[in-house]
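Per chain, numbering begins at 1; letters A, B, ... match sequence-line order.
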Amino acid sequence: MFWVDKLIKQLDGQTLQIVNDSKTPSGRAHVGALRGVIIHDTIFRALKEYGFEAHYTFGVDDYDPLDELPYSKYEQFQEFLGKPLCEVPAPDNTTSDMADYYISEFFSVFKELGVQVTTYRLRDIYRSGQFDATIDRILTKADQVRDIYRTVSGSIRPPTWLPIQMICEKCGRIGTTEAYAYDGQEVSYHCRPDMVTWATGCGYKGKGSPFSGRSKLPWKLEWVAKWANQGITIEGAGKDHNSKGGSRDVAVACLKQLFGKPAPLNIPYEFFLVEGAKMSSSRGIGVAARDMADFLPPEVLRFLMLRSQPNRPINFSPSEDAIVKLFNEFDRCQAAISKPNANPEILRIRRFSQVSRDPNAADIEYTIPGMQLIQALVQLPHLDVVTEVQRRNPRPFTDLEFKHLHRRIAAVKYWLEHYAEDSERLELQQELPDVASNLSDLQKDFLQRLSVALKDAVWEGNALQNLIFATSKLVPIPQPAAFSAIYIVLFGRVQGPRAGPLFSYLDRDFLMTRFNLKE
RNA sequence: GCGCUCUUAGCUCAGUUUGGUAGAGCAGCUGACUUUUAAUCAGUUGGUCGAUGGUUCGAGUCCAUCAGGGCGCACCA
């Protein structure tokens, strides 16, 4: 059974389900951040399918302090370290602030993936006072919070420690203030220069109201506040939160003890890993969510994210083999739609991979050529890929198929430009490659005969393919050796696209010259 | 140090919650398609389920211990 169906079976009968997720917009969102998004979206879609009244909300944690510079080139942002992200200017001033800048890019991916969420910004929540009552309760019961910290996570807080971060009214920093007293109205705090290593407080000591956006809860308590205030019933988290005594445990304990509410259903999920760091740098991989969405078609990206069970890590590799396999598996999954006895789990995966939120959407039935073929055709110069694949297809493509075909072609081009190793490229060599000198005499003889035979050949794929076989018999030469000879002189590698059709796309004189090694 | 997770066919993984004769896809192999490519179709090989011990009429499944892999947390979110 598909993991999401199992998950929903565990739910109690409560009809209203609120699924929540969040992200701190402190830099370009990594592709791994999409895993949680897709997991929650899949749960959300499935809930509606099962007849629950479901909502999917997504919080932008833009009141968090800037605790590192997104890129070293932004050294001019040094002075903003410690200030709320929504108070830091955007790197290029295209948007009002840094938080908005980064989350906008992330949300643009949501849209393409068909992820529909109700978004909210923590700055608005705090400033509008929606958290005020919760903050008061937490501050009033700070002793219980300290106790939970001690018993659950084993961290000892001084008796004066308060779970609140005031915004320094002098320097505007939020990450450098230490609160030490609350009288029910105002919080006393100290903006300490040595509070954290990544930012320097101004030294101001002050006292002020923690309400209406003048303070922020630390992460663990902020989580509690969201759960308590918004009635969240389902929220998974990456394994970084799910260690014993980690933030999740502390938050759940606080929610129960301070607010008497049950913990939302957790879905602990593993990370999405992109092939080892060494490989990624050598391939110059951009692993931002935006980059991955530019590469993979949306339904393939969804497929990649949700076909693995949440508790399993996903290892993504942009190697040719891995990419071809990914698309092939997606195509098999796609083909299952029209098979009468298809594996039901495969059908579930396919359903939730589709971009459209409508489970009965008509736009999921299409069949387009596989990745190998498109990869080969895209790399042949002066060839209109769409025309060529249409010519081979038994029936005319539908508009929907054209759309997906174009998207797949774009994926191949993106892969070639950003990820492909030289050895993975299929480049028609302008000159005879050096490796051709390693050809055996038999292979050379074969190419020579082929060159002559091509002179009067019918220039059509199957006819050419047959000509190749016939020529190899004349030499005679084992066929694998014959084919690799062809690929070596054309591409400098031992394999390639189906030779007959390939020839038909190429110029007769060019091939005759290339195969005539004696020249 | 604390904790999570994984180990099942060559590869990627289902199956473990509620024990009952080992599964899928790919690869491989065989055959077909008037001839073998990173094509199509049909068929098919292949696993003492990481190790040891225990519970049981019966263990991939439950319990304990061990080994190996991956990862997280340690007062950041």
Side-chain angles (χ1 to χ4, degrees), chain A residues 1-3 6-7 9-10 22-26 61 63-68 85 122 146 149-150 152-158 161 163 165 175 195-199 216-223 237-251 268-271 273 307-315 317 320-322 324-326 328-329 331-333 335-336 342-343 345-346 349 369-376 392 394 424 426 461-462 465-470 472-473 476 478-487 491 493-502:
Chain A
M1 197 190 305
F2 188 46
W3 60 264
K6 279 187 208 167
L7 191 91
K9 290 206 164 161
Q10 297 172 12
S22 67
K23 178 84 183 83
T24 302
S26 56
D61 296 337
Y63 235 38
D64 292 1
L66 178 69
D67 61 3
E68 61 180 344
L85 290 166
L122 271 291
R146 287 190 294 265
Y149 267 75
R150 184 176 52 78
V152 175
S153 78
S155 68
I156 310 292
R157 304 284 178 164
W161 178 85
Q165 286 179 293
M195 175 83 173
V196 290
T197 55
W198 39 269
K216 175 194 180 302
L217 291 164
W219 163 245
K220 294 170 192 178
L221 279 306
E222 191 172 275
W223 218 356
K239 70 183 302 175
D240 49 339
H241 295 296
N242 284 303
S243 275
K244 176 117 180 155
S247 55
R248 180 93 191 191
D249 281 358
V250 170
Y269 54 86
E270 261 285 359
F271 288 162
L273 307 166
R307 69 173 163 160
S308 297
Q309 305 184 95
N311 70 343
R312 296 285 202 144
I314 296 174
N315 278 297
S317 161
E320 182 183 21
D321 284 350
V324 166
K325 192 173 178 189
L326 173 65
N328 283 351
E329 284 177 7
D331 287 347
R332 265 194 298 281
C333 191
N343 181 335
E345 184 167 342
I346 299 289
I349 293 174
M371 197 61 176
Q372 290 103 324
L373 178 64
I374 294 185
Q375 229 170 32
R392 313 171 163 220
E424 294 171 335
L426 190 71
N462 282 333
Q465 183 81 356
N466 285 334
L467 183 67
I468 295 167
F469 286 126
S472 70
K473 275 187 171 176
Q479 284 166 12
F483 280 101
S484 60
I486 290 171
Y487 298 125
F491 302 114
R493 49 185 278 186
V494 297
Q495 288 184 316
R498 202 169 166 80
L502 168 68

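Whole-Å rounding puts the A:His241 NE2 to B:G72 P distance at 13 Å. Between the P atom of B:C4 and the CG atom of A:Asp249 lies a distance of 11 Å, rounded to the nearest Å. Rounded to whole Å, the distance from CD on A:Gln165 to C1' on B:C76 is 10 Å. Whole-Å rounding puts the A:Lys325 NZ to B:G10 P distance at 14 Å. The interatomic distance linking A:Trp198 (CH2) with B:C76 (C1') rounds to 8 Å, in whole Å. Atom CD in A:Glu270 sits roughly 16 Å away from atom P in B:U12 (whole-Å rounding). Spacing between atom CD1 of A:Ile346 and atom P of B:G23 amounts to 18 Å, rounded to whole angstrom units. To the nearest angstrom, P of B:C76 lies 7 Å from CE of A:Met195.
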Polar pairs (N or O, both sides) under 3.5 Å between protein and nucleotides 6-9 of chain B?
{"unit_1": "B:C6", "atom_1": "O3'", "unit_2": "A:Arg312", "atom_2": "NH2", "d": "3.4"}
{"unit_1": "B:U7", "atom_1": "OP1", "unit_2": "A:Arg312", "atom_2": "NH2", "d": "3.3"}

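Listed by chain and residue number, nothing satisfies the ring-ring contact (aromatic ring centres under 6.0 Å, His included) test with A:Tyr269 (two or more places apart in sequence, or in another chain). Looking at residues two or more places apart in sequence or on another chain, you find no ring-ring contact (aromatic ring centres under 6.0 Å, His included) involving A:Trp3. Take A:Phe483 and apply the ring-ring contact (aromatic ring centres under 6.0 Å, His included) test, not counting sequence neighbours, and it matches A:Phe469. Listed by chain and number, the residues in a ring-ring contact (aromatic ring centres under 6.0 Å, His included) with A:Trp161 are A:Tyr149 (sequence neighbours excluded). Among residues two or more places apart in sequence or in another chain, the side chain to side chain contact (heavy atoms under 4.5 Å, CB included) test is passed with A:Ser484 by A:Gln443, A:Val494.
Taking only side-chain atoms of A:Ser155, from C-beta outward, the nucleotide of B:C75, B:G70, B:A77 with the closest atom is B:C75. Distance from the side chain of A:Gln309 is smallest to B:G15 among B:U35, B:G15, B:C71. Set against B:A14, B:A77, B:C76, the side chain of A:Asp67 has B:C76 as its closest nucleotide. Nearest to the side chain of A:Arg157, among B:A77, B:C75, B:C4, sits B:C75. Each of B:A14, B:C4, B:U12 was ranked by its minimum atom distance to the side chain of A:Glu345; first place goes to B:A14. If you check B:C73, B:A77, B:G70 against the side chain of A:Ser243, the one that comes closest is B:C73.
Comparing the C1' positions of B:U21 and B:G54 gives an interatomic distance of 23 Å, to the nearest angstrom. B:G10 sits 7 Å from B:A27 when the C1' atoms are compared, rounded to a whole Å. Comparing the P positions of B:U65 and B:G23 gives a spacing of 32 Å, expressed to the nearest Å. Distance noted for atom C1' between B:G50 and B:G69: 11 Å (whole Å). On the C1' atoms, B:G15 is 14 Å away from B:A59, given to the nearest whole Å. One C1' atom belongs to B:C6, the other to B:C13, and the distance between them is 12 Å to the nearest Å. Rounded to the nearest Å, the gap between the P atom of B:A9 and that of B:A24 is 14 Å. Using atom C1' as the reference point in both B:C57 and B:G19, the two lie 12 Å apart (nearest Å).
Residue-level contact check: A:Tyr149 touches neither bases nor backbone, having no heavy atom under 4.0 Å from any strand. Using a 4.0 Å heavy-atom distance criterion, A:Ser153 is classed as making no nucleic acid contact. If you check every strand for non-hydrogen atoms under 4.0 Å, A:Asn328 touches nothing.
Contact between the side-chain N/O atoms of A:Asn466 and the OP1/OP2 oxygens of B:U35 is found at a separation under 4.0 Å. The phosphate of B:G15 has OP1 or OP2 within less than 4.0 Å of a side-chain N or O from A:Lys6.
Looking only at distances, no side-chain donor or acceptor of A:Asp61 sits under 3.5 Å from a matching main-chain atom of A:Leu122.
The minimum heavy-atom distance linking A:Ile346 with A:Cys333 is given by the pair O-SG, 3.5 Å.
Pairing partner, B:G1: B:C73, with both Watson-Crick or wobble hydrogen-bond distances short of 3.5 Å. Of the nucleotides present, B:A67 is the one that pairs with B:U7 by Watson-Crick or G-U wobble criteria, both distances under 3.5 Å. Nucleotide B:A14 forms a pair with no other nucleotide shown, judged by Watson-Crick or G-U wobble geometry with both contacts under 3.5 Å. Using Watson-Crick or G-U wobble geometry with both donor-acceptor distances under 3.5 Å, B:G20 finds its partner in B:C57. Base-pair partner of B:U44: B:G28 (Watson-Crick or G-U wobble, both distances under 3.5 Å).
Salt bridge annotation for A:Glu270-A:Arg312: absent, with no cationic side-chain nitrogen under 4.0 angstrom from a carboxylate oxygen.
Comparing A:Arg332 and A:Lys244 by the nucleotide of RNA chain B that holds the closest heavy atom to each, the one mapping nearer the 5' end is A:Lys244.
Atom-to-atom distance recorded for A:Asn315:CG and A:Leu273:CG is 5.0 Å, nearest 0.5 angstrom.
With 3.5 Å as the limit, one finds no donor-acceptor pair spanning the side chains of A:Thr24 and A:Ser26.
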